[in-house]
2 protein chains.
Amino acid sequence: MAEQYFKTFIEHLRETIELTTSDIDKILEVVEIVKLKRKEFLLTPGQPSRHMRFIAEGSARSYYLDENSQEHTLQIGIENWWINDLYSFLTQKDSQMYIQAIESAVILQISQSNLEKLYREVPEVSTFFRIKIQNAYVALQERMIENLSAEVYIRYQKFIKDYRDIEQRVPQYIVASYLGVTPEFLSYLKKKHL
Amino acid sequence: MAEQYFKTFIEHLRETIELTTSDIDKILEVVEIVKLKRKEFLLTPGQPSRHMRFIAEGSARSYYLDENSQEHTLQIGIENWWINDLYSFLTQKDSQMYIQAIESAVILQISQSNLEKLYREVPEVSTFFRIKIQNAYVALQERMIENLSAEVYIRYQKFIKDYRDIEQRVPQYIVASYLGVTPEFLSYLKKKHL
DNA sequence: AGTATTTCTTAAGTTATCTTAAGAACCAGG
DNA sequence: CCTGGTTCTTAAGATAACTTAAGAAATACT
């Protein structure tokens with residue numbers, strides 16, 4: 001059954017870069033599988049994020065707690081999404097984030113040291129992550145702009161339009177904390193706009 | 001006098017990567033100089049951003065207008081900062097942004113096609129921009145987190161702490177539009193906290 | 001299937017932020 | 001150094017979003 005996860009993973013990489021069968025062997029050699037139950041953590045604050053992590057099954061999110069212990073969800077992902085505290089991974093500073101399974105999940109991950117080795121052996125992998133980071137930047141800027149400009153309900157509508165599949169699998173309080181509002185207020189807005 | 005701008009520019013690159021004199025020649029060959037008066041535009045909506053732009057003198061910002069014609073400032077920069085709509089530059093989609101000189105400014109820019117040529121001739125330059133984009137991501141995530149967590153006045157204090165030199169040269173309504181509030185409200189907060 | 005846990009809703013009272021409008025202060029450029 | 005444009009302040013009234021608390025609904029796990 002690990003086989004199926006690997007197969008999907010390689011297909012995912014091949015959407016962006018070209019890989020020979022020998023490349024694939026080198027990649028799979030360094031991929032670790034992690035299984036998580038609902039609500040289990042992959043990363044908690046106080047340590048650097050040392051892996052690039054790919055959701056093979058289930059769903060996960062990254063979030064942090066502000067000074068008032070309010071949760072703020074930075075990222076929500078399902079199968080075939082990457083999930084990480086890229087900030088911590090890139091700077092190797094201690095993370096302030098939790099990465100947590102929402103549903104039970106299977107994660108494929110590559111450690112930083114293995115990744116660097118892989119970059120040398122399969123340079124295409126380096127291209128892959130360069131593009132991923134660019135895309136992450138682009139997505140984050142889009143979200144920043146929306147947060148500055150649009151009212152919550154507009155942002156909510158955009159969210160369910162863009163991520164209907166996610167919205168249906170994730171508790172609403174997580175969506176609220178992604179949008180940057182209290183669950184009570186989101187609930188109120190939904191009723192108001194019926 | 002262009003010489004001085006080039007010199008500072010090369011010094012800036014050398015803070016991140018190593019360059020031979022022949023590398024430098026290749027770089028300077030493709031650098032264009034653009035001079036702008038206060039409030040002049042380097043980029044306006046409806047066209048892709050086709051250059052990487054470095055502020056050699058003066059100050060500039062990028063901003064966009066939301067549906068209610070409210071300005072939102074994404075980036076503010078002074079000497080030795082890069083300024084761009086990276087979203088548009090990376091995706092080559094039409095920009096929705098204005099890039100505008102705040103004070104009169106001198107910009108050094110490299111076109112996308114020249115940059116690609118340069119990447120081949122001086123691969124270190126590619127490393128330079130990979131690192132810059134990573135840093136941009138990291139900075140943007142930090143800002144996103146702050147916007148989600150902290151109240152405006154806290155964000156304002158952080159802003160003047162981190163960017164005192166910028167704050168002193170830039171009109172307050174631009175700072176307000178960077179923080180995501182109306183100038184009236186920022187004015188009110190400043191008085192309140194005297 | 002039954003119970004404990006988790007998530008969602010409602011509502012009342014509160015606070016943060018916006019809108020509008022007008023005058024005051026400041027500054028750039030002739 | 002004058003003058004027109006730009007930026008900043010003030011204040012009143014409006015709206016968006018939050019807090020708290022409690023019950024209702026949904027869901028997970030045994």
Side-chain angles (χ1 to χ4, degrees), chain A residues 36-41 58-59 61 63 65-73 76 100-105 146-157 159-160 166-194, chain B residues 35-41 58-59 61 63 65-73 76 98 100-105 146-157 159-160 166-194:
Chain A
L36 297 168
K37 289 188 205 139
R38 199 169 105 80
K39 300 213 167 188
E40 261 190 300
F41 292 104
S59 51
R61 65 164 174 154
Y63 71 94
L65 301 179
D66 70 18
E67 319 75 55
N68 307 315
S69 307
Q70 294 292 133
E71 283 184 11
H72 296 279
T73 297
I76 308 176
Q100 183 187 41
I102 300 175
E103 306 159 311
S104 64
E146 262 171 50
N147 270 268
L148 288 171
S149 333
E151 305 212 331
V152 176
Y153 194 67
I154 309 278
R155 272 148 57 203
Y156 176 65
Q157 284 180 315
F159 183 87
I160 52 184
I166 290 187
E167 195 265 333
Q168 279 163 4
R169 285 165 56 181
V170 163
Q172 197 165 290
Y173 76 88
I174 289 181
V175 176
S177 88
Y178 179 90
L179 294 173
V181 293
T182 58
E184 293 86 352
F185 188 56
L186 182 54
S187 188
Y188 160 78
L189 287 178
K190 285 178 74 172
K191 188 183 182 199
K192 183 179 159 193
H193 288 89
L194 269 183
Chain B
K35 303 198 175 194
L36 296 168
K37 290 190 206 134
R38 204 170 101 80
K39 298 215 169 189
E40 262 189 299
F41 292 104
S59 52
R61 65 164 174 154
Y63 72 93
L65 301 179
D66 70 18
E67 319 75 53
N68 307 316
S69 307
Q70 294 290 134
E71 283 183 10
H72 297 280
T73 298
I76 307 178
Y98 297 86
Q100 183 187 40
I102 299 175
E103 306 160 310
S104 63
E146 262 173 49
N147 270 267
L148 288 171
S149 332
E151 305 213 332
V152 176
Y153 194 68
I154 309 278
R155 273 147 57 203
Y156 176 66
Q157 284 180 315
F159 183 87
I160 53 184
I166 291 186
E167 196 262 335
Q168 278 162 4
R169 285 164 56 180
V170 163
Q172 196 165 289
Y173 76 89
I174 290 181
V175 176
S177 88
Y178 179 90
L179 295 173
V181 291
T182 57
E184 293 87 353
F185 188 56
L186 182 53
S187 188
Y188 159 78
L189 287 178
K190 284 178 75 172
K191 187 182 181 200
K192 184 179 158 193
H193 288 90
L194 269 184

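Just so it is clear: chains get the letters A, B, ... in the order the sequence lines come, proteins before strands, and each one is counted from 1. Quick note: numbers below take in every heavy atom, side chains included, and nothing from hydrogens, waters or symmetry partners.
For the pair B:E167 CD and D:dT7 P, the interatomic distance rounds to 15 Å; values are reported in whole Å. Atom-to-atom, CD of A:E103 to C1' of D:dA28 comes out at 13 Å; the value is rounded to the nearest Å. When rounded to the nearest whole Å, the span between CD1 of A:I102 and C1' of C:dT6 equals 14 Å. Atom C1' of nucleotide D:dA17 and atom CG of A:L179 are separated by 13 Å, given to the nearest angstrom. Distance A:R38 CZ to C:dT5 P: 12 Å, rounded to the nearest Å. Distance A:R169 CZ to D:dA28 P: 13 Å, rounded to the nearest Å.
Between A:F41 and A:Q100, the closest side-chain pair of non-hydrogen atoms falls below 4.5 Å. By the 4.5 Å heavy-atom criterion applied to side chains, B:Q172 and B:K190 are counted as neighbours. No side-chain heavy atom of B:Y98 sits under 4.5 Å from any side-chain heavy atom of B:E71.
Ring orientation note: the planes of B:F159 and B:Y178 are tilted relative to one another, at an angle of 30° to 60°.
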What string of B, S and - do you get for nucleotides 8-18 of chain C 5' to 3' if you count protein non-hydrogen atoms under 4.0 Å?
SBBS-----BS
List the steps and the verdict of side-chain contact (heavy atoms from CB on, under 4.5 Å) for B:N147 and A:L148.
CA-CA 9 Å; B:N147 270 267; A:L148 288 171; 4.1 Å; yes
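Contact between the side-chain N/O atoms of A:K39 and the OP1/OP2 oxygens of D:dC29 is not found at any separation under 4.0 Å.
B:K37 comes within contact range of no nucleotide atom at all, as no heavy-atom separation falls under 4.0 Å.
Side-chain contact, B:R169 with B:S59: no donor N or O sits under 3.5 Å from an acceptor N or O.
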